[in-house]
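The figures that follow rest on heavy atoms only: side chains count, while hydrogens, waters and symmetry mates do not. Chain naming here is simple, since letters A, B, ... match the order of the sequence lines and numbering starts at 1 in each.
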Number of protein chains: 2
Amino acid sequence: MRNVLRKKSGVSAPEGGGEVILGPGVTPPVPKSSYELRILQSIRRIIRAVEIHSHKLAQEHEITGPQLGCLLALAKGGPLTITHLARMVYQSPSTVVGIVDRLADKGLAVRQRGSKDRRLVQVCVTEAGEALIANAPSPLQETLAESLKNLPELEQVSITLALEKVVDMMEARKIEAPPVL
Amino acid sequence: MRNVLRKKSGVSAPEGGGEVILGPGVTPPVPKSSYELRILQSIRRIIRAVEIHSHKLAQEHEITGPQLGCLLALAKGGPLTITHLARMVYQSPSTVVGIVDRLADKGLAVRQRGSKDRRLVQVCVTEAGEALIANAPSPLQETLAESLKNLPELEQVSITLALEKVVDMMEARKIEAPPVL
DNA sequence: CTCAAATAATTCGTATCCGAACAATTAGAA
DNA sequence: TTCTAATTGTTCGGATACGAATTATTTGAG
C-alpha cells in the first residue's frame, strides 16, 4: 500500500489551483555559471537516453546495453577476469558480477576458474555469444552513430575532445593541496 | 549460494589465445569511426563519475545526487506535480515517485493532494529541505565546476555546445520511413 | 446522466550501479 | 613452516531507473 499521503497532512493546500504561481521569496536562481547548468542538464539527458536505449535493446535483442558492452569487451579482449573486464567497461567489479551472471544464464558467456591461481575467474564468450554479436546492434544509439558520421570531421573531433575534457575534469582527483606551500 | 561456476562447464577454452578470429559473415572489425568508440567510452566514464559522486554525496550529506537534483528543481520551480518534476529532471515519473518517497521520509519535501483535481500531487520543499539546500554541495563534481571555471570561456562554450549536440543526436527521433511500401 | 476514454500517480518486475563486508586463495615475512 | 597480509570474486544493502500494468479520478460522448 505505502499509505500514500494521509500522514503529515497537516499541510493543507493553501489555495485551489493546480497552477502554481511562484512566491516572492524564491531565491533568484543564480544560474551558476550557466554553462555549468547546461552541462549538468546535458549529462542527465545523455544518461537518460542511454538507459532508454538499453531498454529498447532488451526488448528487441534479448540483451541490455551493459550486457552487450561486456560481451563486446570479452570478444575483443579475449577471456578476461572479472576485475579486468570491469576495468574495460568502466564499472565496479560488483556490478560486473551480476552482468556476467545474466550473460551466463543466457548462455552467451561462461566462467572458468583459473587452474593456476584458483582465485581468478576467466570469462569468455560462447559461440552463441559470438553469433549474437555478429548481428547485434550498436551499444549506442544508431541515430547518434549515423548523425555523427554525417558531421564534418572537424566537428567530430571537437565533440570527442570536449567529452574527453569533461571526463578528465570529472575524474580529476581532488588530492592536491597537501603542502600548500 | 548462486552455485558459482560448475554448470555449463562443457565449454572449454578452444585455444589459448585472447585474440578472437571473426567468422566469414561477421562484419570486419572496423573500429567504427574511432570517434564513435571514444565518445561511447567517454559517456560511460561520465556516467560512472556521476554515480560515484552520488555515493560520496550520500555519505557526506545524507542525500544522493538524484535526490538533490529533485530538491533543487522543486526549490526553483515551486511546488510541482510528479509528472512535471519528472520532466524537469529528465527522469521517468515512476523513478521520481521513489525519489520523492525518500525525500519525504527525510522530511525534506512533502506531498499534497490537489484540492481541485484530486489526481494531482503537489510536491514542495520543507524548511528542512531549504536549509539543506542552503549549504548543500553541487549536484555535480566540485572538481568539474572548478576546472570549468578556470577554463577560457571559449572552451566552456565549446564544451557546452558539444554536449548539447550529443544530446540532440541521441534524442533525435527515428520516426521517418512510415509507408515504405 | 452514464459509462468509456483520458489522465495522474503508484506499484511491480527487472536490471543496473556502487561501496562495504565476506570468503577463498595465494604470497610473503618471521 | 606458519601466520598475516594482499588479492579476487562474491554477496549484501540501498538507491536509481525504466516500461508495463493498476488504481483513482476526471472528462467527454452519447
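One atom, CD of B:Q122, and another, C1' of C:dA8, lie 12 Å apart when rounded to the nearest Å. Distance B:E60 CD to C:dC18 P: 18 Å, rounded to the nearest Å. If you take CD1 of B:I99 and P of C:dT10, they are 13 Å apart, rounded to a whole angstrom. Nucleotide D:dA15 holds its C1' atom 15 Å from the CG atom of B:L68, rounded to whole Å. Taking atom CD of residue B:Q91 and atom C1' of nucleotide D:dA15, one finds them 11 Å apart after rounding to whole Å. Rounding to whole angstrom units, CD1 of residue A:I47 and P of D:dA17 are separated by 7 Å. In this structure, the CG atom of B:L85 is 11 Å from the P atom of C:dT10, given to the nearest Å. Rounded to a whole Å, the CG atom of A:L80 is 15 Å from the C1' atom of D:dG9.
Here the nucleotide nearest the side chain of B:E51, chosen from D:dG9, C:dC18, C:dT11, is C:dC18. The side chain of B:D117 sits closest to D:dT26 out of D:dT26, D:dT16, C:dT10. Of the candidates C:dC18, D:dG19, D:dG9, the closest approach to any side-chain atom of A:V97 belongs to D:dG9.
Put simply, B:T83 has a side-chain N or O that comes within less than 4.0 Å of OP1 or OP2 on C:dA9. At least one side-chain nitrogen or oxygen of A:R44 sits closer than 4.0 Å to the OP1 or OP2 atom of D:dA17. Dashed line: the shortest gap from a side-chain N or O of B:T95 to OP1 or OP2 of D:dT16 is not under 4.0 Å. Using a 4.0 Å cut-off, no side-chain N or O of B:T64 falls inside it from OP1 or OP2 of D:dG14. When the side-chain nitrogen and oxygen atoms of A:R102 are compared with OP1 and OP2 of C:dT16, one or more of them lie within a distance under 4.0 Å.
A salt bridge does not link A:E62 to A:K106: none of the charged nitrogens lies less than 4.0 Å from a carboxylate oxygen.
DNA chain C is contacted by both A:K116 and A:P66; A:P66 maps to the nucleotide lying nearer its 5′ end (nearest heavy atom per residue). When each of A:Q59 and B:R119 is assigned the nucleotide of DNA chain D bearing its nearest heavy atom, the one mapping closer to the 5' terminus is A:Q59. Closest-nucleotide positions on DNA chain C for B:I82 and A:S92 were compared, and the one nearer the 5' end corresponds to B:I82.
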Please lay out, stage by stage, how B:T81 and B:T83 fare under the test side-chain hydrogen bond (donor to acceptor under 3.5 Å, both in side chains).
-> CA-CA 5 Å; B:T81 65; B:T83 304; 4.8 Å; no

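A donor-acceptor contact under 3.5 Å is not formed by the side chain of B:R118 with the base of D:dT25.
Residue B:L71 forms a side chain to side chain contact (heavy atoms under 4.5 Å, CB included) with just one option from B:V100, B:V125, B:T126, and that option is B:V125.
When all heavy atoms of B:I82 and B:P93 are compared, the pair lying nearest together is CG2-O, 4.1 Å. Nearest approach of B:S54 to B:T64, heavy atoms of both residues: OG-CB, 3.6 Å.
Contact annotation for A:K56: no contact, since no heavy-atom pair falls under 4.0 Å across all strands. When heavy atoms are screened at a 4.0 angstrom cut-off, A:T81 is found touching the sugar-phosphate backbone but no base atom.
Enclosure of atom CD in B:E60 by more than 12 non-hydrogen atoms of other residues, nucleotides or ligands within 6.0 angstrom is indicated.
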